[in-house]
Student: 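Please read through the structure below; I'll follow up with questions.
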Amino acid sequence: MSDMTPHELSTFDFHAREPFWQKRWDEAKSFEAPDVPPADRPKYYVLEMFPYPSGQLHVGHVRNYTLGDVVARYKRAQGYAVLHPMGWDAFGLPAENAARERGVHPGTWTMQNIATMRETLQRLGFSLDWKREIATCQPEYYGQQQKLFLDMLKGGLVERRDAAVNWDPVDQTVLANEQVVDGRGWRSGALIEKKTLSQWFLKITDFAEPLLETLKKLDRWPERVKTMQERWIGRSEGAKVRFPLHHPPEGYESEGDACEVFTTRPDTLFGLSFIGIAADHPLAQKIAQENSDAAAFVEECRRVGTSEEALSTTEKRGFDTGLRVTNPFNPEQTAPVWIANFVLTEYGTGAVFGCPCGDQRDLDFARKYDLAVPSVLLPTGEDEASFTLGEKAVTGPATLYHSGFLTGKSTKDAIRAAIEHLEKIGAGQGVTNWRLRDWGVSRQRYWGCPIPIIYCDSCGAQPVPDDQLPVTLPEDVSFERPGNPLDHHPTWKHVACPSCGKPAQRETDTCDTFVDSSWYFARYTSPHAKTPTVADAVNGWLSVDQYIGGVEHAILHLLYARFFTRAMKQTGHLDVDEPFSGLFTQGMVTHESYRDGDQWLYPEEVEQRGDVVVSKKTGRDVTVGRSEKMSKSKRNTVSPVDIISHYGADTARWFVLSDSPPERDMEWTAAGVAAAARFMQKLYRQVSDVAQRDAREATHGEAGADLRHITHRTIVAVTEALENFTPNVAVARLHELSSALGEAEKKGGEGIAAARREAAHVVTLLIAPMMPHLAEELMALLEPDGALVVERAWPEAQEALLAVHKVTIAVQVRGKLRGTIICAPDAPKEDVLAQAKADENVAKALEGKRIVKEIHVPNRIVNFVVAG
RNA sequence: GCGCGCUUGGCGGAAUGGUAGACGCACGAGACUUAAAAUCUCGGGUCCGUAAGGACGUGCGGGUUCAAGUCCCGCAGUGCGCACCA
């Protein structure tokens, strides 16, 4: 070395060194997992939700995969055999949109995006086993999915039935909910309508009970996700009640001469005001055939769309069918049957009975159409003589009145009595109803997994035989014409019936892409096998010990995956019940937005000048919007590739971990990234300084005691922070250790060099999960011929060095802080109290007061409760 | 509309029911420098006070407790999900 000072030497050249270390890891096969978990150590399966290859990696991905990588590297250091794979959720609508808009084939577009995004992931230095990479759009993957579908069909878990879709009459195509804007098709602008198609369903409701019950055992899932799933599955106890129809329309036989409803409140039957039926209810359909006004109303309901949100936000409206039913509890009473736009076809029986006094929606509806409002619920504490029902339904605790044999009973008792009575008189029975509906998987689209079915006029729907799998997508398709390219492909769908050999047609629908993502975690355990799974591998690696992804998937994806796992178990493809034993849901990455007039500007197009932000181009002040979810339309995005190029992968990784707790949204700021970069270089300077100046052979001495205490305390703190998923706290503690390392240099003295070397060594190991490249670089400085950090164990704190010699105890008088005292750890209560009272300021506060109570929490706090 | 979260200095945030504001950003002061950058050190919730110290303070209103950011009830704001976006 020359006579240059260490400071001048010390810059971490991430441009050169990050790829260097990535190559070393690659050569050492550091991240390749064995086919089957080894017997000599515990396994740990870390998985982040795989990305949709939309084009570029975005910073939300960087956050997600960095979190996962921290877990993977930390667990590996702790001696686990880690499986940490990556792949692509590669089917989906955007590829078809790109095809329609730009004429590029969905497959080409997807594979190009994958290549781009894979490169970015690799530049970030994630500890992924790339040998296991999968893309769901490849026959190697979706062919096995077809096998699973057929096995489920054989096992009775798949059914064909009718379901409604959003239909665009101009484009002649089915639209996704997101393609319906204010009831109109996003491209054509045409009013969309509900259309019924015959579709394939997976019978997730068969598992409603276990899916609900097992939630209780998922103790490493966030409570809120479990609550959401619980609500979604929606078990509710109630009754089916048959209301006899007075004059059923001719030819209406599907339910005999009665209208059946599901209710959770059979206790309020005496409060019957009306029957509400969905527009798709058979009775409504029947009426519509005969009555043009009814038909017009049904038609209108169809325009509302298929989402629950649309149904419940639309103004409540109804149509009186003129039919009447009899109240089974009170044959004297009849009520009208209305078609109502807020009744869900697919929940319960598609019909409700309206009891305005106990349900706000029913009350609003009854008032609007001037229907009877019998009052049968007396709120607890109200008097029958004085209580009148206003515009608020009774939803709190209440007693039944004006209710025949139920009068005087509490809601709970009345429900039980009502069900008993219904069953006795044969007008209904108690049932358990679920909000969860079966999973419709048919999509009328090209870019998805073909459903392996052949329709034959003679033999019906036939499964594609195993030896004809996979059913692959044709390459030569046209997106010029509206509709599904598979359907209008000249030859693809025409095949021989596998059963009779006569001409038949393929199913042209493809699978919901949620199916693809419902088993990819299992496929990673044997990504290239000729069967969907391999028993030893899948049962050895599953379940996923830590799954990490966005909370936006809290319900659908996670529930489908849980169901699919059970369905795969039932069909013999694996032997676990739950796919993910640990779940972590991370927040979004947000950024300020900038607007110059009506023009949105990218963050790199503006700069801060004093208190204002101006456009670099025009020099004008720009409007700074609050930090919100990054979106292309507001241009408040940041490119991970740019960040890596400017600051390096480790800086990007460190920044996304450093400030916000990962379950919360984090704000991306240029200043924050710069701070991360500074800290990275500071550590590099500090450690290279230690490597060059501090003698390796120095023995520990008195002067180093403080630093050693901090070093070992930091091991405990960082370990705890990583266990708790609070890397932001780990970062804070590492900042402190770094400061202590710097201070120790100035202090000097016997044993400082050894303590500094120890601290440098420890800091290197502790940052490794977060800044893996820098860690390798630092270790190479400290031990030029040593092992790679990825092959080293996590540091362990020495108990003796953690001991504290004094504690600071807060002293309160009547809960207010009046001073602090320094005591020996675990000092006796009497001594602590005496010392507390001796404190000048405390004594002043106690003056003239009588001590009523003395609270002493060892090593923490003293509180004198005083009177007077 | 229904469901589920979140809310702490100028900003991001820390805090087993026990000293609120760790750590970082931004800001200010100082050191180094011819100068700047970089780096290092120090300061800071608000108000009153020269200071010692005091009052107030974790979205708002109540409650439980010796003690509440933390637990309970109500409200507001904001975000996410709602079954064909992924």
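The model shown is predicted, which means the values in this text are computed figures rather than measured ones. The sequence lines fix the lettering, A, B, ..., with proteins before strands; numbering per chain opens at 1.
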Student: Any luck finding a side-chain donor-acceptor pair between A/Asn97 and A/Arg187 under 3.5 Å?
Tutor: yes
Student: How long is the line joining CD of A/Gln229 and P of B/rG5, in whole Å?
Tutor: 14 Å
Student: Tell me which nucleotide among B/rA22, B/rA20, B/rC4 gets nearest to the side chain of A/Ala732.
Tutor: B/rA22
Student: Taking 4.0 Å as the cut-off, does a side-chain nitrogen or oxygen of A/Arg678 come that near to OP1 or OP2 on B/rC25?
Tutor: yes
Student: Would you please confirm or rule out a distance under 4.0 Å between OP1 or OP2 of B/rC56 and any side-chain N or O of A/Lys816?
Tutor: yes
Student: Exactly one of A/Tyr560, A/Trp439, A/Trp200 should register a side-chain hydrogen bond (donor to acceptor under 3.5 Å, both in side chains) with A/Asp512. Which one does?
Tutor: A/Trp439
Student: Can you see whether A/Arg664 engages A/Gln586 through a side-chain donor-acceptor pair at a distance of less than 3.5 angstrom?
Tutor: no
Student: If we take the C1' atom in both B/rA15 and B/rC23, what is their distance in whole Å?
Tutor: 12 Å
Student: Can you confirm whether the side chains of A/Asp168 and A/Thr173 place a donor and an acceptor under 3.5 Å from each other?
Tutor: no
Student: How many whole angstroms separate atom CG of A/Leu657 from atom C1' of B/rG24?
Tutor: 14 Å
Student: Look at all strands and tell whether A/Val729 reaches a base, only sugar-phosphate, or nothing, counting heavy atoms closer than 4.0 Å.
Tutor: sugar-phosphate
Student: So, OP1 or OP2 of B/rU7: does either fall under 4.0 Å of a side-chain N or O from A/Arg664?
Tutor: yes
Student: Using atom CG of A/Asp659 as one end and atom P of B/rG9 as the other, report the distance to the nearest whole Å.
Tutor: 16 Å
Student: Does A/Arg361 CZ have over 12 foreign heavy atoms under 6.0 Å away?
Tutor: no
Student: Is it the case that atom CD in A/Glu723 sees more than 12 heavy atoms from other parts of the structure closer than 6.0 Å?
Tutor: yes
Student: Base contacts versus sugar-phosphate-only contacts with protein, heavy atoms under 4.0 Å: please encode nucleotides 80-86 of chain B as B, S and - from 5' to 3'.
Tutor: -SBBBSB
Student: Does a side-chain N or O of A/Asn728 approach OP1 or OP2 of B/rC23 to a distance below 4.0 Å, or not?
Tutor: no
Student: Can you tell me, in whole Å, how much space there is between the P of B/rA83 and that of B/rA14?
Tutor: 33 Å
Student: I need the single residue from A/Trp447, A/Tyr446, A/Trp109 that forms a ring-ring contact (aromatic ring centres under 6.0 Å, His included) with A/Phe91. Which is it?
Tutor: A/Trp447
Student: What does A/Ala675 touch in the nucleic acid at a heavy-atom separation under 4.0 angstrom: a base, only the sugar-phosphate, or nothing?
Tutor: sugar-phosphate
Student: Taking B/rC27 as the reference, what is the distance to B/rA38 when you measure between their P atoms (whole Å, please)?
Tutor: 11 Å
Student: With P as the reference atom in both, quote the distance from B/rG62 to B/rC56 in angstrom, rounded to an integer.
Tutor: 15 Å
Student: Show me the protein contacts with nucleotides 63-71 of chain B, counting only N or O atoms at under 3.5 Å.
Tutor:
{"residue": "B/rC66", "atom": "O2'", "partner": "A/Asn863", "partner atom": "ND2", "Å": "3.3"}
{"residue": "B/rC66", "atom": "O2", "partner": "A/Asn863", "partner atom": "ND2", "Å": "2.8"}

Student: Does A/Ser660 reach a base, just sugar-phosphate, or nothing at all? Heavy atoms under 4.0 Å.
Tutor: sugar-phosphate
Student: Within the 4.0 Å heavy-atom criterion, would you say A/Thr669 contacts the bases, only the backbone, or no part of the nucleic acid?
Tutor: nothing
Student: Could you measure between the two C1' atoms, the one in B/rG13 and the one in B/rC25, and give it in whole Å?
Tutor: 11 Å
Student: Expressed in whole Å, how much space separates the C1' atoms belonging to B/rU19 and B/rG45?
Tutor: 15 Å
Student: Syn or anti for B/rG59, with syn set at within 90° of 0?
Tutor: anti
Student: In terms of heavy-atom contacts, does NZ of A/Lys629 have more than 12 from other residues, nucleotides or ligands at under 6.0 Å?
Tutor: no
Student: Using only atom types and a distance under 3.5 Å, with no angle test, would you say the side chain of A/Asp359 pairs donor to acceptor with the backbone of A/Asp362?
Tutor: yes
Student: Any luck finding a side-chain donor-acceptor pair between A/Trp221 and A/Gln229 under 3.5 Å?
Tutor: no
Student: Can you tell me how far P in B/rC71 sits from the matching atom in B/rG5, rounded to whole Å?
Tutor: 12 Å
Student: Compare the minimum distances between each of B/rG54, B/rA15, B/rC40 and the side chain of A/Lys682, then state the nucleotide with the smallest one.
Tutor: B/rC40
Student: In terms of relative ring orientation, are A/Tyr520 and A/His557 parallel, tilted or perpendicular, with 30° and 60° separating the classes?
Tutor: tilted
Student: For the P atoms, the ones on B/rG63 and on B/rU58, what distance do you get once it is rounded to whole angstrom?
Tutor: 15 Å
Student: Please state whether the base of B/rA22 and the side chain of A/Arg733 form at least one donor-acceptor pair under 3.5 Å?
Tutor: yes
Student: Between B/rG54, B/rA14, B/rG3, spot the one nearest the side chain of A/Arg231, thanks.
Tutor: B/rG3
Student: Among the candidates B/rG13, B/rU19, B/rG18, find the nucleotide nearest to the side-chain atoms of A/Ala810.
Tutor: B/rU19
